[in-house]
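Right, one structure below, let's go through it.
Predicted model, so just to flag it, every value in this text is computed and none were measured. Each chain gets a letter, A, B and so on, in the order the sequences are listed, and its residues count up from 1. The analysis underlying the following values was restricted to heavy atoms, covering all of them including side chains, and did not include hydrogens, waters or symmetry mates.
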2 protein chains.
Amino acid sequence: MSNYYDTEQALSDAFKALSNPHRLALFNRLMSCCMPGTKCDATVAVRFCVGDLGEGLNIAPSTLSHHLKELNRAGLVEMERKGKNVECWVEPEKLKALSSFFQPD
Amino acid sequence: MSNYYDTEQALSDAFKALSNPHRLALFNRLMSCCMPGTKCDATVAVRFCVGDLGEGLNIAPSTLSHHLKELNRAGLVEMERKGKNVECWVEPEKLKALSSFFQPD
DNA sequence: ATAATAGTTCGACATGTTTCGAATTATAGT
DNA sequence: ACTATAATTCGAAACATGTCGAACTATTAT
């Protein structure tokens, strides 16, 4: 029922994860699957593997891994091994939950 | 035009400000002026003075002052001296801007 | 089996953050 | 002028974070 981030601790953990410019860029890349200005209706989230997500960020693989782990621990990003790669995605309900913290539906 | 937080830097600064449990509590107190579950229509934001905002948080005045300053520097909270007190409030447009980062209107 | 590719874990170091108390400024009342 | 209340600034201590390279694990292909 989109009640993630219902405690203050869970919320501040989510914001902490987004407080780093590199992590925000990673999250943003996973989040923005639609054309700018349009409302995203995707029911299936876009997936990127770890390596592709870090493209252009100029950080070491170990640092990239660390950041994704933080986003995952904060409940913002899902991760799943797929062969040699690990795929990452954002559940649309999480976006809804965070959005409605600032403006209840 | 609700285009605050348009750069990644401004956004991550805002999230950093909300990443601390004490600051999130302060922001939340300023933010929630309406009954739970209802949509907030207030055109004039609620105001609290610094001291009242810190009530029940068990932090030193200097720490409280520091946190409010951070929220202000991140563009989340407005502050204005009013006699002996300093009043704090949240501009409703800021909430809208943050909300629409996660879910564009 | 060996090698190649994709990610993760670990330890270390530099940098930032949280917090406090003491000293300081701002304002209002006596 | 003096005092009381409200809030800020400063410096210091403890703790957390961001980053890297080296070593490691997982998976696939030869």
Side-chain angles (χ1 to χ4, degrees), chain A residues 7-30 45-90, chain B residues 7-30 45-90:
Chain A
T7 68
E8 294 241 314
Q9 189 57 61
L11 256 177
S12 68
D13 284 351
F15 292 136
K16 182 183 295 179
L18 298 176
S19 74
N20 176 278
H22 284 148
R23 283 195 298 264
L24 182 59
L26 294 167
F27 184 74
N28 210 197
R29 206 166 279 190
L30 283 174
V46 217
R47 288 170 172 234
F48 278 88
C49 72
V50 173
D52 291 354
L53 265 177
E55 203 63 38
L57 247 52
N58 279 346
I59 52 177
S62 55
T63 307
L64 177 59
S65 183
H66 167 70
H67 281 323
L68 257 344
K69 191 177 171 185
E70 290 289 296
L71 285 165
N72 177 249
R73 289 204 296 136
L76 291 166
V77 166
E78 317 300 313
M79 302 176 82
E80 191 178 24
R81 176 136 237 150
K82 211 93 184 189
K84 267 192 299 193
N85 302 307
V86 169
E87 292 188 338
C88 308
W89 72 96
V90 172
Chain B
T7 69
E8 293 240 314
Q9 188 57 61
L11 256 178
S12 68
D13 284 352
F15 292 136
K16 182 184 293 178
L18 298 176
S19 75
N20 175 280
H22 284 147
R23 283 195 299 265
L24 183 59
L26 293 167
F27 184 74
N28 211 197
R29 206 166 280 191
L30 283 174
V46 217
R47 289 171 172 233
F48 278 88
C49 71
V50 173
D52 290 353
L53 265 177
E55 203 63 39
L57 247 52
N58 279 347
I59 50 177
S62 55
T63 306
L64 177 59
S65 183
H66 166 71
H67 281 322
L68 257 344
K69 191 178 172 184
E70 291 288 296
L71 286 165
N72 176 250
R73 291 206 292 138
L76 291 165
V77 166
E78 318 300 314
M79 302 176 83
E80 191 178 25
R81 176 135 235 151
K82 211 93 186 189
K84 264 190 302 191
N85 301 308
V86 169
E87 291 187 340
C88 308
W89 73 97
V90 172

Distance in angstrom units between A/E70 CD and D/dA16 P, rounded: 13 Å
- prompt: Would you say the side-chain atoms of B/R23 pair up with the backbone N or O of B/L18, donor to acceptor, closer than 3.5 Å?
  reply: no
message: Counting only side-chain nitrogens and oxygens, does B/H67 get under 4.0 Å of the OP1 or OP2 atom of C/dT19?
response: yes
message: Donor-acceptor pair, distance only, cut-off 3.5 Å: does the side chain of A/S65 make one with the backbone of A/S62?
response: no
- prompt: Which residues in residues 48-59 of chain B have at least one heavy atom lying under 4.0 Å from any atom of DNA chain D?
  reply: B/C49, B/V50, B/G51
field: Reported CD-to-NZ distance for the pair A/E87 and A/K82, which is rounded to 0.5 angstrom
entry: 5.5 Å
message: On the nucleotide D/dG18, are OP1 or OP2 found under 4.0 Å from the side-chain N or O atoms that A/R23 carries?
response: yes
field: Separation of C/dG7 C1' from A/L71 CG (nearest whole Å)
entry: 16 Å
query: Between residues 74-88 of chain B and DNA chain D, which residues have a heavy-atom gap below 4.0 Å?
result: B/M79, B/K84, B/N85, B/V86
statement: Between CG of A/L68 and C1' of D/dT17 the distance, given in whole Å, is 17 Å
- request: Just call it for B/H66: base, sugar-phosphate, or nothing, with non-hydrogen atoms closer than 4.0 Å on any strand.
  value: base
task: Using whole Å, report how far CG of B/L64 lies from C1' of D/dT9.
output: 14 Å
Between CZ on residue A/R47 and CG on residue A/L30, distance to nearest 0.5 Å: 11.0 Å
query: In terms of ring plane angle, is the pair A/F15 and B/F15 parallel, tilted or perpendicular, where the classes change at 30° and 60°?
result: parallel
message: Looking at C/dC20, I'd like to know if its phosphate oxygens (OP1 or OP2) sit under 4.0 Å from a side-chain N or O belonging to B/S62.
response: no
- prompt: Which distance, rounded to the nearest 0.5 Å, do you find between the NE2 of B/H67 and the CG of B/L24?
  reply: 11.5 Å
- prompt: Can you tell me if the side-chain N/O atoms of A/S65 get under 4.0 Å from OP1 or OP2 in C/dT8?
  reply: yes
- prompt: Does A/K69 make a side-chain N or O approach to OP1 or OP2 of C/dT9 shorter than 4.0 Å?
  reply: yes
message: Does D/dT17 have its OP1 or OP2 closer than 4.0 Å to a side-chain nitrogen or oxygen of B/K16?
response: no
field: A/R29 side-chain N/O to A/E55 backbone N/O, donor-acceptor pair under 3.5 Å
entry: yes
- request: Could you check how far CG of A/L18 sits from C1' of D/dG18, rounded to whole Å?
  value: 16 Å
